[in-house]
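The structure displayed is predicted, hence computed values, not measured ones. Lettering follows sequence order; numbering is per chain, from 1.
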Number of protein chains: 2
Amino acid sequence: MPYFDAASSAPLHPIARQALLASLDEGWADPARLYREGRRARMLLDAAREAAAEAVGCRPDELVFTSSGTRAVHSAMAGALSGRRRVGRHLVVSAVEHSSVLHSAAAHEAAGGSCTEVAVSRSGAVRPEAFADALREDTALACLQSANHEVGTEQPVAEVAGICGSAGVPLMVDAAQSLAWGRVPDGWSLLAASAHKWGGPAGVGLLAVRKGVRFAPQGPADERESGRAAGFENLPAIVAAAASLRAVRAESAAEAVRLRALVDRIRTRVPQLVADVEVVGDPVRRLPHLVTFSCLYVDGETVLQELDRTGFSVSSGSSCTSSTLVPSHVLRAMGVLSEGNVRVSLPLGTTEADVDRFLDVLPGVVSGVRERLGAPASAATPSLSFSPSPAATETLVVDALGRRCPVPVIELAKVIGDVPVGGTVTVLADDEAARLDIPAWCEMRGQEYAGEEPADRGSAYLVRRLH
Amino acid sequence: MPYFDAASSAPLHPIARQALLASLDEGWADPARLYREGRRARMLLDAAREAAAEAVGCRPDELVFTSSGTRAVHSAMAGALSGRRRVGRHLVVSAVEHSSVLHSAAAHEAAGGSCTEVAVSRSGAVRPEAFADALREDTALACLQSANHEVGTEQPVAEVAGICGSAGVPLMVDAAQSLAWGRVPDGWSLLAASAHKWGGPAGVGLLAVRKGVRFAPQGPADERESGRAAGFENLPAIVAAAASLRAVRAESAAEAVRLRALVDRIRTRVPQLVADVEVVGDPVRRLPHLVTFSCLYVDGETVLQELDRTGFSVSSGSSCTSSTLVPSHVLRAMGVLSEGNVRVSLPLGTTEADVDRFLDVLPGVVSGVRERLGAPASAATPSLSFSPSPAATETLVVDALGRRCPVPVIELAKVIGDVPVGGTVTVLADDEAARLDIPAWCEMRGQEYAGEEPADRGSAYLVRRLH
């Protein structure tokens with residue numbers, strides 16, 4: 001039963017399991033105590049810190065263990081923003097950061113700070129020059145992920161770190177998705193990561209703060225972890241996290257090559273096997289194990305359910321799979337199709353046979369969903385099926401109000417052939433995903449997206465037929 | 001090798017270990033995901049919440065899992081204070097709360113709020129009337145522990161909850177030390193606890209917030225745990241925590257009787273076996289497994305080291321065992337002796353033989369330390385050894401500047417016999433512990449403590465000989 005959602009949470013690594021078991025009996029006491037059990041706990045904690053620091057590429061006294069990657073990000077940003085408050089209260093983040101970064105940014109703004117979001121290309125990467133332009137005299141902190149969690153695109157961290165360094169602005173790197181694969185390029189000031197992404201147990205994050213970075217921990221004082229992570233240390237899990245990071249690093253070079261090839265196969269084969277698919281994210285500068293694609297005319301939730309039924313666990317940035325019914329902010333920032341979105345992230349050890357079986361199953365799943373939704377036949381292009389007649393209207397209105405993704409796009413595709421080349425279709429829709437998916441459909445089908453206008457309810461999206 | 005510091009952290013309960021192992025393979029996925037692994041994780045999380053809520057005595061939707069007891073307290077206080085900000089910004093806490101409560105109170109004051117600390121009796125308990133007096137029109141929150149972590153005294157939670165209820169002030173109860181032994185009496189509004197205190201793993205705290213309590217979570221938004229505990233759920237540990245809470249509760253009635261008798265033996269025997277000892281904390285309204293005593297003329301650090309050498313792990317509130325070189329705030333608030341302080345907290349299953357061996361070892365340890373420090377013979381009282389002579393001065397000055405606890409008290413004890421009854425000894429000392437221990441010595445030896453005056457360096461403590 002292949003699990004293809006390692007980017008959410010990786011199965012526990014065998015080494016993590018072993019280390020956890022071994023330290024359950026040795027690591028339950030308070031490492032701040034001076035008696036035998038406390039000293040043993042302290043030794044385990046120190047050794048774990050050494051190992052994790054070595055993997056991160058920092059000094060042990062620059063690294064603390066938090067209770068999660070989210071907490072590491074929250075603490076990193078709050079501490080750095082407060083530490084440099086005299087410089088100013090401006091924050092720079094990329095538009096495709098993890099929600100923990102964006103929510104910290106929102107909290108900073110709610111508290112009176114300001115924030116600039118740096119846009120990304122259609123592949124999901126920031127341009128270093130755009131990042132440079134966002135820095136100001138009063139910028140207290142900049143944040144850039146090492147690689148994107150939804151589409152796998154690597155960010156130009158080294159270049160951005162150089163730019164931030166020259167400007168004297170500390171850079172926080174959210175390395176949650178990439179730390180298993182290697183160190184983050186030098187030049188960062190703060191780094192956050194999460195153990196359950198690399199096969200460590202839940203309950204452990206890493207926060208590294210370079211010496212010399214102004215840092216003022218927020219929240220009530222607490223003497224644990226240099227005052228940077230409140231609460232009793234989650235010791236056996238910390239030991240397991242450090243051990244598994246070391247273990248996955250030992251395998252990472254070989255596994256990266258192997259998984260990269262498997263992902264390349266998915267990137268190549270999916271558009272051949274399934275019509276009307278957009279594979280998103282940078283094809284080269286990317287995480288080795290992650291690929292994301294979107295399928296026209298299907299809803300992500302049903303695709304996920306059908307894949308789950310056939311034994312594949314994947315995730316999705318489609319609006320129908322989120323509690324807010326809004327497409328993922330990453331796909332929005334990239335301006336790519338969000339409907340029928342599927343993220344595949346392969347855990348270590350994924351076999352070729354698993355991937356082949358996925359490729360066997362996927363086309364039937366997608367076509368089944370399309371059929372049920374009455375999607376237009378994918379092979380037919382409107383220009384082939386359209387026979388211009390004097391009765392053909394120059395403009396058509398499609399009312400998709402109250403209909404959820406992917407229905408507005410399906411309705412658009414159904415009628416585009418009913419207007420002559422040069423004619424327009426106006427889609428009325430109030431589903432948030434339409435704002436992203438109608439332009440993306442136009443891009444994919446070579447039609448012109450002519451803009452959006454407010455309507456009595458929802459919005460009116462204008463599409464001009466070009467062929 | 002008996003471990004007698006269960007109040008710091010209890011060894012992992014066998015049931016916790018079993019539950020942890022069982023859920024490592026089932027509980028590593030994201031419970032927010034809809035695929036098979038996610039659904040399994042969600043079921044484990046829901047079941048753990050049901051079990052924990054049943055043990056706490058609340059509804060499952062009133063309870064969330066945090067990453068530690070400290071985090072539960074921080075979140076409870078910040079959320080409740082913010083939720084009732086329109087009522088006012090006044091906070092009431094007892095003077096003997098856990099540091100997580102007092103540090104939250106300090107953060108609240110630093111942010112412009114106000115705080116009243118309710119004093120405690122010499123046994124460590126608040127008087128309900130004193131708590132009532134501290135409540136004001138603008139009181140947003142009151143906090144009272146269920147039982148004290150250093151001396152074991154139970155607080156009058158039911159009475160105080162009634163008072164707070166009548167005043168319309170929510171009461172947060174820090175139940176970290178008592179939850180293993182039973183539910184907190186009804187009437188609380190918020191409750192915090194910590195799993196590693198009851199034999200659960202580290203990394204899990206409980207935060208319960210009664211329906212209807214105004215609560216505004218602080219910090220960056222996060223969708224996990226009803227928005228009240230950010231970060232990926234520490235699931236296998238949560239499952240283990242809930243399982244072990246249920247398990248210890250099943251044993252608690254019988255264990256409470258058994259351990260209470262062992263603690264009573266320590267309470268009775270220690271003052272018989274060791275001279276100049278003060279057993280502190282309420283002898284009756286107390287946790288079953290915890291007893292604290294202080295020994296004149298010894299330093300806590302050496303006592304802990306010697307006990308550790310003989311195989312006993314205990315803790316201490318003495319100044320010499322704290323990083324700040326200040327005696328525990330609990331002992332200070334109680335006004336009891338802090339030097340040579342020893343806290344014994346028995347884990348489940350402690351045997352009579354372990355306790356007897358402790359009682360065998362303790363007298364030698366204390367007398368050895370006293371000997372090395374040149375402490376006065378304990379049997380001798382000054383009035384017996386003093387032969388008044390015309391040369392006896394009416395007043396003596398002891399210079400203990402730069403000397404750490406217990407030296408100032410030892411020096412005082414050495415010379416008190418050199419002044420006539422009615423004469424005075426002035427002790428010059430700059431060790432913080434002297435402020436607590438010189439009056440405590442006077443109380444124990446029936447001499448008069450005549451007050452403290454500022455001196456060029458440190459303080460001058462005035463003692464009048466009464467017999």
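- Interface check for chain B: of the options A:Ser323, A:Ala110, A:Ser315, the most heavy-atom pairs under 4.5 Å are formed by A:Ser315.
- Top candidate by heavy-atom pairs under 4.5 Å with chain B, chosen from A:Ser67, A:Ala221, A:Ala230, is A:Ala221.
- The candidate with the highest count of non-hydrogen atom pairs below 4.5 Å against chain A, out of B:Ala107, B:Ser9, B:Ala111, is B:Ser9.
- By number of non-hydrogen pairs under 4.5 angstrom with chain A, the leading residue of B:Ala106, B:Pro201, B:Ser100, B:Gly311 is B:Gly311.
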| Pair B:Gln305-A:Leu34, side chain to side chain contact (heavy atoms under 4.5 Å, CB included): steps then yes or no | CA-CA 8 Å; B:Gln305 279 167 2; A:Leu34 298 176; 5.6 Å; no
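- The residue among A:Met77, A:Arg39, A:Glu301 with the most heavy atom pairs within less than 4.5 Å of chain B is A:Arg39.
- By number of non-hydrogen pairs under 4.5 angstrom with chain A, the leading residue of B:Leu307, B:Leu12, B:Leu235, B:Thr70 is B:Thr70.
- Heavy-atom pairs under 4.5 Å with chain B were tallied for A:Ser104, A:Ala237, A:Gly38; the largest tally goes to A:Ser104.
- The greatest number of non-hydrogen atom pairs below 4.5 Å with chain B, out of A:Thr321, A:Val314, A:Leu304, A:Asp30, is found for A:Val314.
- For the atom pair CG (B:Asn234) and CG (A:Asn234), the distance works out to 5.0 Å, reported to the nearest 0.5 Å.
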| said: For A:Ser313 and B:Arg33: C-alpha separation, side-chain torsions, deciding distance, then whether side-chain hydrogen bond (donor to acceptor under 3.5 Å, both in side chains) applies. | reply: CA-CA 9 Å; A:Ser313 301; B:Arg33 300 288 177 184; over 6 Å; no
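- Smallest separation of non-hydrogen atoms from A:Ser68 and B:Phe232: CB-N, 4.1 Å.
- Remark: aromatic rings of B:Phe312 and A:Tyr35 are distant, center separation not under 6.0 Å.
- Of the listed residues A:Leu102, A:Asp222, A:Asp5, the one with more heavy-atom pairs under 4.5 angstrom with chain B than any other is A:Asp5.
- Using a 4.5 Å heavy-atom threshold, the side chains of B:Leu21 and A:Leu21 count as touching.
- There is no contact between B:Ala16 and chain A, counting heavy-atom distances below 4.5 Å.
- Interface residue A:Arg71: only side-chain heavy atoms are found under 4.5 Å from chain B.
- Contacts of A:Glu233 with chain B are made by backbone atoms alone, with heavy-atom separations under 4.5 Å and no side-chain atom involved.
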